[in-house]
Amino acid sequence: MAIVPMKRLELYGLKRERKAVLEYLQSRGVVEVHTPEEAENLFARTDTTQAQLEFEQSIHLLEQAVALLDEYAPVKKSMFAALEGRTPVSQSEYDNLWKRAPALLEKAREINALGKRVTDNNAQILRLEAQLESLKPWMSLDIPLDFKETKHCRVFAGSLPEDLDEQTLKNKLAQLLPQIPGVDAEVLSRQAQQTCIFCLCHKQDAAPVEEALRSLGFTYPAFSTELPPGQQAERIKQEIRQIENERENTQKAIRARSDQRRDLLLASDYYGVRAEKYQVLGNLWQSSHVFFLTGYLPAEDGPSLLEELESKFTLWAETADPDPDEEVPVKLKNGFFTAPMESVVAGYSLPGKYEIDPSSVMALLYYILFGLMLSDAAYGLIMVIGCGAALAKFKNMEMSLRKTLRMFLFCGISTTVWGILFGSYFGDCIPVIARTFFHTEITIPALWFAPLDDPMRLLLFSFALGIVHLFTGLGVQFYQLARRKKYADALYDVVFWYLLVGGLIILLLSTDMFVTMVNLPFKVPGVIGTVAGVLAAIGAVGIVCTAGRESRSPVKRLLKGLYGLYNISGYLSDILSYSRLLALGLATGVIATVFNQMGSMMGGSVLGAIFFILVFLIGHTMNLAINVLGAYVHTNRLQYVEFFGKFYEGGGRAFTPFATHTRHFQIKEEK
């Protein structure tokens, strides 16, 4: 119903104009280029891999530079930044960007070089801090660590792999060197598994002293210092301060370039568009003088596009209807009320060949089902006001998000209507407030009935709404089959099921037992029930006889027919699935009522009012969020499983035109 008819485009042009033609097609954004995998030997493809790689590298440099600006000079974004969409930029500014793009790329390299300098500074600081940390055990030593000897003495500075005090160390050395006097040792620092020591002896005793120390696990420091550790530490600290100053100056230089952020992002979009153009260029078949291009475009855009192409370039182009077995891309086009359903349809699958766009058929029932599940007038008004204000304020909002908010706007309207019918305004908030704080009774009566007082009526209504939903899906299947002139299939697969399921429902409504059990206010006359039973029998016989019609064997045909009739249990299951309308509708009201009762527990005092406001805000915010999510999920489930299951398979491929796809800016054509 709302699938845009497609045409196949064939275009032959001069090779020298191919880039200009592609740029024009990209600016129009109405053609999906789809070149064949093979062509005549006369044609070949141009390798544009290197050019694409250069563009991607340019994009990476620009995005990296912007990331550095965001890190050191972040932009304050409002809490509604996600709704603002891409920043608009004029077509003329974008068209003139090719002049500035190389200079902007050079600026990005400069920013990235500054960022690398900051990274190097950070690495140097970490290295120096590690050196400073390693010097801490030696800070009491007043000679360099690499100092080994004087004219008459030998010096040993190192560590032992255990915690020893100075007296224990001296005792161990005395035991190991009983014949060598004049050995002195000092403990510089102690840790759990390390003792740093300084040992002094005569030069002639150096060898046995070193051997004794080695037997205790002595090791020299892994580093050496030209200055005593204390002085070396001061030098390192001074070097760290110098590097920190250099880092701060570099960061200031980066922040000083924050005004370049917009141009850098614009250049990133520019190179992204060029990369896409060269990707398409690499897929084109071309000879020495000619290139050709094929693809798809909406039929409504064909005449104007051909006219403009032929007036601007030396080429030949025509459009034709796709072959019946050709896989044509799908583009949906709907009105203000039904367009929000396109995202729901795409979430399942786009329409396949011979199928209609279900957006317009499902829209009204979708909004009704969602509203029935939430069914609170106050919650609905919050959704309407919130979505309406966002749609009115943020003009540059992305179209996909705009459609989603418009969907929730209509769902909010439906929720408000159902809430008024059921008399629910934040649950029973109004009578609770009146009773607790004003000691009076104020209620807003339901225009129809209160579900908490009569849940059976809501359950029966949910089943009735579900039957309408399912029968609508069957009706769409009838239309699809009839449009393809498969009238027999429409009779076998739709009409017989209408007779069987509809007949059984009417027959059930004519029985005293069912009417009494569910307390129906009416009863179908017995004559109508008898006629309905006959029609149900005709439908059942028809299903048994035709469900297995593709089989040649009579036995297989009968067995498949009986199995097809068994699908009546599937219809029963589908109808029962609509009980979720009751469950979620009651859940919203019950949870809201619970929060209202909790808030009123402290009575009507000032403290009680404060407590009520806190519980009210927190509780109803949670209830709204949870039940909006629940209503959305379960409404989609009813569409995907019960409704689509009657007529829709999907499998279509989305129409993805060759266009100016940008990430950061929205190019606006100037009037």
Return each pair, listed once, that meets salt bridge (charged side-chain N to carboxylate O under 4.0 Å, His left out) where at least one residue sits in residues 71-84; pairs must be two or more places apart or across chains.
none
Which residues share a ring pair (Phe, Tyr, Trp, His ring centres under 6.0 Å) with Phe611, sequence neighbours left out
none
Anything under 3.5 Å between a donor and an acceptor, one on a side chain of residues 379-387, the other on a protein residue two or more places apart or in another chain? List them.
unit_1 : atom_1 : unit_2 : atom_2 : d
Tyr379 : OH     : His620 : ND1    : 2.7
Tyr379 : OH     : Asn623 : ND2    : 2.8

Distance-only side-chain donor-acceptor flag, Thr656 / Glu32, under 3.5 Å:
yes
Output a table of donor-acceptor pairs, distance under 3.5 Å, between side-chain atoms of residues 100-110 and any protein atom two or more places apart or on a different chain; print 'none' if there are none.
unit_1 : atom_1 : unit_2 : atom_2 : d
Arg100 : NH1    : Asp263 : OD2    : 3.4
Glu106 : OE1    : Arg109 : NH1    : 3.4

Residue pairs passing the salt bridge (charged side-chain N to carboxylate O under 4.0 Å, His left out) test with at least one member in residues 386-398, sequence neighbours excluded, are Arg86-Glu398
Inter- and intrachain pairs under salt bridge (charged side-chain N to carboxylate O under 4.0 Å, His left out), touching residues 596-618, at least two apart
none
Thr250 meets the side-chain hydrogen bond (donor to acceptor under 3.5 Å, both in side chains) criterion, sequence neighbours left out, with none
For the residue pair Arg154 and Phe156, would you count it as a cation-pi contact if the rule is NZ or CZ under 6.0 angstrom from the ring centre and within 45 degrees of the ring axis?
yes
Within the 6.0 Å centroid threshold, strictly below: Phe426 and Phe595
no
Kindly state each residue pair satisfying side chain to side chain donor-acceptor pair (under 3.5 Å) with at least one member in residues 252-261, sequence neighbours excluded.
Asp70-Arg261, Glu248-Arg255
Going by the side chain to side chain donor-acceptor pair (under 3.5 Å) test, which pairs reach into residues 123-143, not counting sequence neighbours?
Glu133-Lys136
Any salt bridge (charged side-chain N to carboxylate O under 4.0 Å, His left out) pairs touching residues 611-635, not counting sequence neighbours?
none
Residues two or more places apart in sequence or in another chain: which of them pass side-chain contact (heavy atoms from CB on, under 4.5 Å) with Glu211?
none
Listed once per pair and sorted, the ring pair (Phe, Tyr, Trp, His ring centres under 6.0 Å) pairs that draw on residues 207-237, sequence neighbours left out
Phe218-Tyr220
